[in-house]
Number of protein chains: 2
Amino acid sequence: MNRMESSFAIIAEPNRRSILSLLAASECSVGELERQLRMPQSSVSKHLRVLRDAGFVEARVEAQRRVYRLRPEPLMEVDAWLTPFRRFWTAHVDALERHLDRMDQTPSTPTKGKKR
Amino acid sequence: MNRMESSFAIIAEPNRRSILSLLAASECSVGELERQLRMPQSSVSKHLRVLRDAGFVEARVEAQRRVYRLRPEPLMEVDAWLTPFRRFWTAHVDALERHLDRMDQTPSTPTKGKKR
DNA sequence: GGGGTATATGCCTTGACGAGAATATGAGGC
DNA sequence: GCCTCATATTCTCGTCAAGGCATATACCCC
């Protein structure tokens, strides 16, 4: 019924990343998320639904509230995918810094340790 | 003109992740990617375009070929975003394993000693 | 049981994006 | 100059998901 969405597709949504970040700090009810994110309740619920289906969060019923908490597995998967790429910034840090320098100083800001 | 796409949205696309994985192994021309991924050339070019605009790759012109290579910055950004979440699987590894067990054995397999 | 609160769901519209085919650009060799 | 190979771009079409609104469900307190 539900197309197995990849974890990457799930966290492509900025609001969902915000939700996850809040939940990383502490578990929250829907209403708390709604207030902190300043978004309509139905949106929050729908995003939570997606996150729950994908295993990013789980809910605990507490009276009328649903308290959501983080589940780490899907993010671990993302973390694992990154592994082969990490050598690009753990090994050649210096080469990277050159790149970053080139990037950061778009047009102006000529100071900043220009190693030319 | 181009909506500043988040790095997360870029890697939400499976084909783009495949391209990145191949490039993590070694730099490639468009034709090599086309053959390895078995996808039409126009698709490869279009995905590369997106990846290039987002800074994931850069191209070097070599005769008629364009050789693409990885650029680490955007993936570093993703890696950085994951930081606050890492404590969830570096600290409570045991609690996690319980969760994983519950997940893996979807409907059947009521026994609990599952040590993958 | 009724009213209020908290959350979920269904419908609909709109916009984004990927796939595919066709075409354009550009370089090299004859 | 022309032909061919390698890559990029354009267009159209179909799909799919997000947002907003309205509504449904579930719980609590009186």
Side-chain angles (χ1 to χ4, degrees), chain A residues 1-23 26-71 74, chain B residues 1-23 26-71 74:
Chain A
M1 193 140 283
N2 228 351
R3 284 245 320 285
M4 225 278 284
E5 288 258 40
S6 89
S7 303
F8 296 91
I10 306 288
I11 61 174
E13 230 292 323
N15 295 314
R16 286 198 285 263
R17 286 202 303 280
S18 303
I19 291 177
L20 290 176
S21 293
L22 284 178
L23 294 181
S26 76
E27 45 177 43
C28 286
S29 72
V30 179
E32 287 169 327
L33 293 170
E34 178 188 355
R35 263 164 281 140
Q36 303 214 39
L37 299 175
R38 306 271 193 101
M39 78 169 58
Q41 177 264 320
S42 72
S43 295
V44 177
S45 274
K46 276 190 271 194
H47 283 307
L48 283 171
R49 163 77 156 171
V50 174
L51 288 170
R52 186 154 39 95
D53 286 349
F56 282 78
V57 301
E58 63 187 351
R60 176 179 85 232
V61 178
E62 195 165 275
Q64 326 90 318
R65 312 246 159 100
R66 259 85 162 186
V67 179
Y68 281 84
R69 68 184 313 199
L70 211 62
R71 279 179 46 112
Chain B
M1 192 149 283
N2 228 354
R3 283 243 322 283
M4 224 279 283
E5 288 260 37
S6 89
S7 305
F8 297 90
I10 305 288
I11 62 174
E13 230 292 324
N15 294 314
R16 286 198 283 262
R17 286 202 302 281
S18 304
I19 290 178
L20 290 175
S21 293
L22 284 178
L23 293 182
S26 77
E27 44 178 43
C28 286
S29 73
V30 178
E32 287 170 328
L33 293 170
E34 177 188 356
R35 263 164 281 140
Q36 303 214 41
L37 298 176
R38 305 271 194 101
M39 78 170 55
Q41 177 264 320
S42 73
S43 296
V44 177
S45 274
K46 274 188 282 191
H47 284 306
L48 283 171
R49 164 77 155 170
V50 174
L51 289 170
R52 187 153 40 95
D53 286 351
F56 282 79
V57 302
E58 62 187 351
R60 176 179 83 232
V61 178
E62 194 166 276
Q64 325 90 320
R65 313 247 159 98
R66 258 86 159 186
V67 179
Y68 281 84
R69 69 184 311 200
L70 210 64
R71 278 178 48 113

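No hydrogens, no waters, no symmetry mates; every other heavy atom, side chains included, goes into these values.
Among C:dT7, C:dG28, C:dA6, the nucleotide with an atom closest to any side-chain atom of A:S45 is C:dT7. In this structure, the nucleotide among C:dA19, D:dC28, D:dG19 sitting nearest to the side chain of B:S43 is C:dA19. Nearest to the side chain of A:K46, among D:dA18, C:dC11, D:dA8, sits C:dC11.
Here C:dG18 presents its C1' atom at 14 Å from CG of B:L51, a figure rounded to the nearest Å. Here the P atom of nucleotide D:dA17 and the CG atom of A:N15 are 16 Å apart, to the nearest Å. Per the geometry, CD1 belonging to B:I10 stands 11 Å off C1' belonging to C:dC17, to the nearest Å. Distance CG (B:L48) to C1' (D:dA8): 11 Å, rounded to an integer number of Å. One interatomic measurement links the two molecules: CD of B:E62 to C1' of D:dC5, which rounds to 16 Å at whole-angstrom precision. Between A:E13 atom CD and C:dG15 atom P the separation is 17 Å, expressed in whole Å. Following rounding to the nearest Å, B:E34 (CD) and D:dC5 (C1') show an atom-to-atom distance of 12 Å. As rounded to whole Å, 17 Å separates atom P of C:dT5 from atom CD of A:E32.
Counting distance only, with no hydrogens placed and no angle test, the side-chain atoms of A:Q41 and the base atoms of C:dA6 include no donor-acceptor pair under 3.5 Å.
Residues B:G31 and A:S42 both approach DNA chain D. Their nearest nucleotides, taken by heavy-atom distance, put B:G31 toward the 5′ side.
When all heavy atoms of B:A9 and A:A12 are compared, the closest pair comes out as CA-CB, 3.9 Å.
The side chain of A:H47 contributes an N or O atom lying less than 4.0 Å from OP1 or OP2 of D:dG19. Proximity of A:R65 to the phosphate of D:dA26: no side-chain N or O atom is located under 4.0 Å from OP1 or OP2. For D:dT9, the OP1/OP2 oxygens have a side-chain nitrogen or oxygen of B:R49 closer than 4.0 Å. Taking side-chain N and O atoms only, B:R16 has a distance below 4.0 Å to OP1 or OP2 of C:dG18. The side chain of B:Y68 contributes an N or O atom lying less than 4.0 Å from OP1 or OP2 of D:dA8.
Side-chain contact check for A:L20 versus A:V57: some heavy-atom pair is nearer than 4.5 Å.
Between the side chain of B:R71 and the backbone N or O of B:G55, at least one donor-acceptor pair lies under 3.5 Å. With hydrogens and angles disregarded, a donor-acceptor distance shorter than 3.5 Å links the side chain of A:R17 to the backbone of A:I11.
Annotation: cation-pi pair A:R16/A:F56 absent, no NZ/CZ under 6.0 Å from the ring centroid and within 45° of its normal.
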